[in-house]
K.L.:
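Below are the structure tokens for one structure; questions will follow.
As the structure is a computational prediction, the values presented were derived from the model and not from experiment.
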Amino acid sequence: MPLTPVNSNLTAPLLVVNDLHVHFDNTGTQSSEPVKGVSFSLQQGEMLALVGESGSGKSLTAQSIMRLLPSHAHYQGQILFEDEDLLLAPEAKLQQLRGDKIGIIFQEPMTSLNPLHTIEKQISENILQHQTLSKSEAQQRTLELLHEVGIPEPQKRLNSYPHELSGGQRQRVMIAMALANNPRLLIADEPTTALDVTLQEQILHLLQKLQAKFGLAVLLISHDLSLVKRFAQRVAVMQQGLIVETNTTNTLFNNPQHPYTQLLLAAEPDGAPEPIATNAQTLLSIDDLRLWFPIKKGFWQRVVDHVKAIDGLKLYLKAGETLGVVGESGSGKSTLAFAITRLTTVTEGSIVFQGQDLVPLSQNQLRNVRKDLQIVFQDPYGSLSPRLSVGQIVSEGLELLGLTKLEQQQRVIEALEAVELDPESRHRYPHEFSGGQRQRIAIARALVLKPKLLILDEPTSALDRTVQKQIVLLLRRLQSERGFACIFISHDLKVVKAMSHRVLVMRHGVIVESNDAHSLFTNPQHPYTQQLLQAALANTA
């Protein structure tokens, strides 16, 4: 049950946002206003959830509190933290508050973590900047934080780099950094985005425990309304830069007043893909696949053990079929995607695609294969170059096919239209789009080559429910029209059920259960599958 706000009727609010407007100068003659007069307050010890579809202004509002928006952003209104207006505060004061009294968990951990520094360095650096501790004390505090946020064997992860962690583990590192100095206000921008259903609960229970222990105020931005319902005390609903409804959680969910709130609560991925052809041929066959990463220690860096990311995996995929892959963070789902596309080195086994084993092929030999084998990554913003326009991003792969510039442009326009984006948007850049639009761009980039197999790694994880449903319907339509096969990797079981013909469940690098989607969801056999489904059902209660 949600916590009761600490002395909510007796104490002044910790944070007050009053009539906040955010303007962006675009051309010198035009400006956009994505936040149009937002007002809310947050008590000490309270969790307020800010919900709304992608592009509604949730993250911009949250980043405005710490004045983290680019220099061409202009603010109007008031943001009072401990009765001090942060919009008038000097930069030195803001730097003192950031990471100390105000912590933030960003939505996209891979772009927020420094790829050149170890996990220990990044967390301890934040601790040492705000606390008078020795390096050994900072390391001990780092270990405690990693343990608190559920990183297994944290001692082994101190010297890891962000790319060596799963998406969920990177998100937990971000949470550890935000909590490092026991802040009074925590801004959590999609803190459970990359986590499976069991770990989502652990993280929010952790935040709830910290609320009770330290009187921590939490501004939770989330598209997961089931978690919002269970953990937040109040909810504010945003649409097109405005808060259209605010109420206590129970009242808002049981009796929504605004039509948009009603639409948001009713949105849910449903339905099923069209059946595949009875004579469909096997497109992909994997046998005894192993990816073992060595653990090295000592001066001579001798191999003392291995991380068995994938251990003896077998699967098949037919033409036009969607195979859902589920499992907790770190189970090997994304590693499987990287192995199939040969973006990581395979230790042992075979990956036969269209009758050809990909494992022994060189990178030059793989070029001819990759036009038929495309991947959409978990983090669209991190995978789209900020220096290239959308048109350049989508057409990049076409340059290898020897097409003329006119032919390339026509293929780009067709791809953007296929994912329901305005072809004129090809002249814009990734930062000008919402999360859902960026994901459509990533899908267009993959589809422009007309692949036979599309691998989607958590394509809806950062999207709210209305946009999730749109993306699911879009993918099902595109698959029906174009006939590509799909490997759909996700921790969201509702989305997997709506997308998949068959589902396999991974844990610790092995498949613990595989079945057609209907049978697996209605009659799971393995205890771990049953645990995942129970957690998913609890989140919908």
K.L.:
Working to the nearest 0.5 Å, report the span between CG of Asp189 and CD1 of Ile105.
P.N.:
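Nearest 0.5 Å value for the CG-CD1 distance: 9.0 Å.
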
K.L.:
Considering non-hydrogen atoms only, spot the tightest contact between Thr460 and Gln468 and give its length.
P.N.:
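Between these two residues, the closest heavy atoms are O-NE2, 3.2 Å.
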
K.L.:
To check you understand the geometry: which heavy-atom pair defines the closest contact between Leu87 and Gly77, and what is its length?
P.N.:
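In terms of heavy atoms, the two residues are closest at CD1-O, 3.4 Å.
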
K.L.:
Test your reading of the model: is there a side-chain donor-acceptor pair from Gln63 to the backbone of Leu69, 3.5 Å cut-off?
P.N.:
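Side chain of Gln63 to backbone of Leu69, a donor-acceptor pair under 3.5 Å: no, none is there.
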
K.L.:
Any chance you could lay out the side-chain contact (heavy atoms from CB on, under 4.5 Å) test for Met174 and Gln171, step after step, and finish with the verdict?
P.N.:
CA-CA 5 Å; Met174 285 295 302; Gln171 190 67 287; 4.0 Å; yes

K.L.:
Atom NZ in Lys36, atom CD in Gln239: separation rounded to 0.5 Å?
P.N.:
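If we round to the nearest 0.5 Å, Lys36:NZ and Gln239:CD are 10.0 Å apart.
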
K.L.:
Go through the structure and list residues passing salt bridge (Lys or Arg N to Asp or Glu O under 4.0 Å) with Arg67, not counting sequence neighbours.
P.N.:
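Not a single residue meets the salt bridge (Lys or Arg N to Asp or Glu O under 4.0 Å) criterion with Arg67.
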
K.L.:
Supply the atom-to-atom distance Phe40 CZ to Leu48 CG, rounded to the nearest 0.5 angstrom.
P.N.:
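CG of Leu48 is found 6.5 Å from CZ of Phe40.
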
K.L.:
Under 3.5 Å, side chain of Gln257 to main-chain N/O of Asn255, donor-acceptor pair present?
P.N.:
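Present.
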
K.L.:
Hey, is the main chain of Leu14 close enough, under 3.5 Å, to the side chain of Gln44 for a donor-acceptor pair?
P.N.:
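Side chain of Gln44 to backbone of Leu14: no pair is present.
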
K.L.:
Is the closest side-chain heavy-atom distance between Val35 and Ser64 below 4.5 Å?
P.N.:
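Heavy-atom side-chain distance check fails, nothing below 4.5 Å.
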
K.L.:
Please lay out, stage by stage, how Leu454 and Leu478 fare under the test side-chain contact (heavy atoms from CB on, under 4.5 Å).
P.N.:
CA-CA 11 Å; Leu454 184 62; Leu478 291 171; over 6 Å; no

K.L.:
Let's go through Glu328 and Gln531 carefully: what are the C-alpha distance in whole Å and the side-chain angles of both, what is the deciding distance for side-chain contact (heavy atoms from CB on, under 4.5 Å) to 0.1 Å, and is it a yes or a no?
P.N.:
CA-CA 11 Å; Glu328 64 187 348; Gln531 178 189 347; over 6 Å; no

K.L.:
Indicate yes or no for a side-chain donor-acceptor contact from Lys333 to the backbone of Gly327 under 3.5 Å, with no hydrogens or angles considered.
P.N.:
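Such a contact is found between Lys333 side chain and Gly327 backbone.
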
K.L.:
Work out which heavy atom in Ala337 is nearest to a heavy atom in Ile375; give both atom names and the distance.
P.N.:
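It is CB-CD1, 4.0 Å.
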
K.L.:
Answer yes or no: is there a side-chain heavy-atom contact under 4.5 Å between Ile443 and Leu475?
P.N.:
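Sidechains of Leu475 and Ile443: in contact.
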
K.L.:
Minimum heavy-atom separation for Pro386 and Tyr429, please, with both atom names.
P.N.:
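Heavy atoms of Pro386 and Tyr429 come nearest at O-CD2, 3.7 Å.
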
K.L.:
On a heavy-atom basis, which atom in Val51 and which in Leu264 lie closest, and how many Å separate them?
P.N.:
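For Val51 and Leu264, the tightest heavy-atom pair comes out as CG2-CD2, 4.1 Å.
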
K.L.:
When rounded to the nearest 0.5 angstrom, what is the spacing between OG1 in Thr248 and CZ in Arg234?
P.N.:
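Rounded to the nearest 0.5 Å, the OG1-CZ separation comes to 9.0 Å.
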
K.L.:
Given side chains that start at C-beta, do those of Ile119 and Leu165 come closer than 4.5 Å, heavy atoms only?
P.N.:
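Yes, at least one pair of side-chain atoms sits under 4.5 Å.
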
K.L.:
If we ignore hydrogens and angles and just use 3.5 Å, is the side chain of Thr249 paired with the main-chain N or O of Gln233 as donor and acceptor?
P.N.:
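Yes; at least one donor-acceptor contact below 3.5 Å.
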
K.L.:
Do side-chain atoms of Asn126 reach the backbone of Met177 as a donor and acceptor pair under 3.5 angstrom?
P.N.:
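It does hold such a pair.
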
K.L.:
Taking Arg428 for the side chain and Phe433 for the main chain, is one N or O donor matched with an acceptor at less than 3.5 Å?
P.N.:
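A pair under 3.5 Å: no.
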
K.L.:
Going by the rule side-chain contact (heavy atoms from CB on, under 4.5 Å), which residues pair with Ser490 if we only count those two or more places apart in sequence or in a different chain?
P.N.:
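Result, side-chain contact (heavy atoms from CB on, under 4.5 Å) vs Ser490: Glu458, Phe488, Asp492, Val496.
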
K.L.:
Step through the shown structure and confirm whether more than 12 heavy atoms of other residues, nucleotides or ligands are within 6.0 Å of CG on Asp83.
P.N.:
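Atom CG in Asp83 is not crowded, with 12 or fewer foreign heavy atoms closer than 6.0 Å.
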
K.L.:
Before giving the answer on side-chain contact (heavy atoms from CB on, under 4.5 Å), spell out for Val390 and Leu416 the whole-Å C-alpha distance, their side-chain angles and the decisive distance to 0.1 Å.
P.N.:
CA-CA 9 Å; Val390 167; Leu416 291 174; 4.1 Å; yes

K.L.:
Could you tell me whether the side chain of Asn181 and the main chain of Pro183 form a donor-acceptor pair under 3.5 Å?
P.N.:
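Between the backbone of Pro183 and the side chain of Asn181 there is no qualifying donor-acceptor contact (under 3.5 Å).
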
K.L.:
Does any part of the side chain of Val38, heavy atoms only, come nearer than 4.5 Å to the side chain of Thr61, both counted from C-beta?
P.N.:
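Thr61 reaches Val38 side chain to side chain.
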
K.L.:
Are more than 12 heavy atoms from other residues, nucleotides or ligands located less than 6.0 Å from atom NZ of Lys497?
P.N.:
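Counting neighbours around NZ of Lys497, 12 or fewer heavy atoms of other residues, nucleotides or ligands fall under 6.0 Å, so no.
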
K.L.:
Should the heavy atoms of other residues, nucleotides or ligands under 6.0 Å from CD of Glu420 be counted, would the total exceed 12?
P.N.:
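Correct, the count exceeds 12.
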
K.L.:
Could you tell me the separation between the NE2 atom of His130 and the CD atom of Glu125, rounded to the nearest 0.5 Å?
P.N.:
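His130 NE2 to Glu125 CD: 10.0 Å, rounded to 0.5 Å.
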
K.L.:
Could you go through residues 142-149 and list every donor-acceptor pair under 3.5 Å that involves a side-chain atom there, pairing it with any protein atom two or more places apart or in another chain?
P.N.:
| unit_1 | atom_1 | unit_2 | atom_2 | d |
| --- | --- | --- | --- | --- |
| Thr142 | OG1 | Ala138 | O | 2.8 |

K.L.:
What are the two closest heavy atoms between Leu474 and Ala418, and how far apart are they?
P.N.:
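The pair with the smallest heavy-atom distance is CD1-O, 3.3 Å.
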
K.L.:
Going by heavy atoms in the side chains, are Met238 and Leu50 under 4.5 Å from each other?
P.N.:
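Of all side-chain heavy-atom pairs linking Leu50 with Met238, at least one is under 4.5 Å.
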
K.L.:
Using 30° and 60° as the class boundaries, would you call the ring planes of Phe231 and His205 parallel, tilted or perpendicular?
P.N.:
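Rings of Phe231 and His205: perpendicular, over 60°.
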
K.L.:
Any heavy-atom pair between the side chains of Gln76 and His23 that's under 4.5 Å?
P.N.:
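SC-SC contact between His23 and Gln76 confirmed.
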
K.L.:
Spell out, as yes or no, whether a donor-acceptor pair under 3.5 Å connects the side chain of Arg445 to the backbone of Glu396.
P.N.:
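Flag not set: sc Arg445 to bb Glu396 has no pair under 3.5 Å.
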
K.L.:
For Lys93, enumerate each residue passing the side-chain contact (heavy atoms from CB on, under 4.5 Å) test, keeping only those at least two apart in sequence or located in another chain.
P.N.:
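Listed in chain order: Glu84, Ala89, Pro90, Gln96, Leu97.
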
K.L.:
For Lys135, is there an ion pair with Glu120 - N to carboxylate O distance below 4.0 angstrom?
P.N.:
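Looking at Lys135 together with Glu120, the answer is no, because their closest N to O distance does not fall below 4.0 Å.
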
K.L.:
Is the closest side-chain donor-acceptor distance between Arg440 and Gln470 under 3.5 Å?
P.N.:
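Present: a donor and an acceptor within the cut-off.
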
K.L.:
Keeping Lys58 on the side-chain end and Gly52 on the backbone end, is there a donor-acceptor pair under 3.5 Å?
P.N.:
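Checking the backbone N and O of Gly52 against the side chain of Lys58, a donor-acceptor pair under 3.5 Å is found.
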
K.L.:
Can you measure from CD1 (Ile413) to OG (Ser395) and round to the nearest 0.5 angstrom?
P.N.:
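Answer for the CD1-OG pair, Ile413 versus Ser395, is 11.0 Å.
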
K.L.:
Does Tyr161 have any side-chain contact (heavy atoms from CB on, under 4.5 Å) partners at least two apart in sequence or in another chain, and if so, which?
P.N.:
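Per chain and number, Tyr161 pairs via side-chain contact (heavy atoms from CB on, under 4.5 Å) with Thr118, His163, Glu164.
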
K.L.:
Do Ser124 and Gln139 have side-chain heavy atoms sitting under 4.5 Å apart?
P.N.:
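Ser124 vs Gln139: side chains apart.
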
K.L.:
Only counting residues at least two apart or in another chain, list the ones meeting side-chain contact (heavy atoms from CB on, under 4.5 Å) with Asp19.
P.N.:
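Asp19 satisfies side-chain contact (heavy atoms from CB on, under 4.5 Å) with His21, Ser39 once adjacent residues are dropped.
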
K.L.:
Do Pro430 and Ile393 have side chains that approach each other closer than 4.5 Å (heavy atoms only, starting at C-beta)?
P.N.:
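In contact.
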
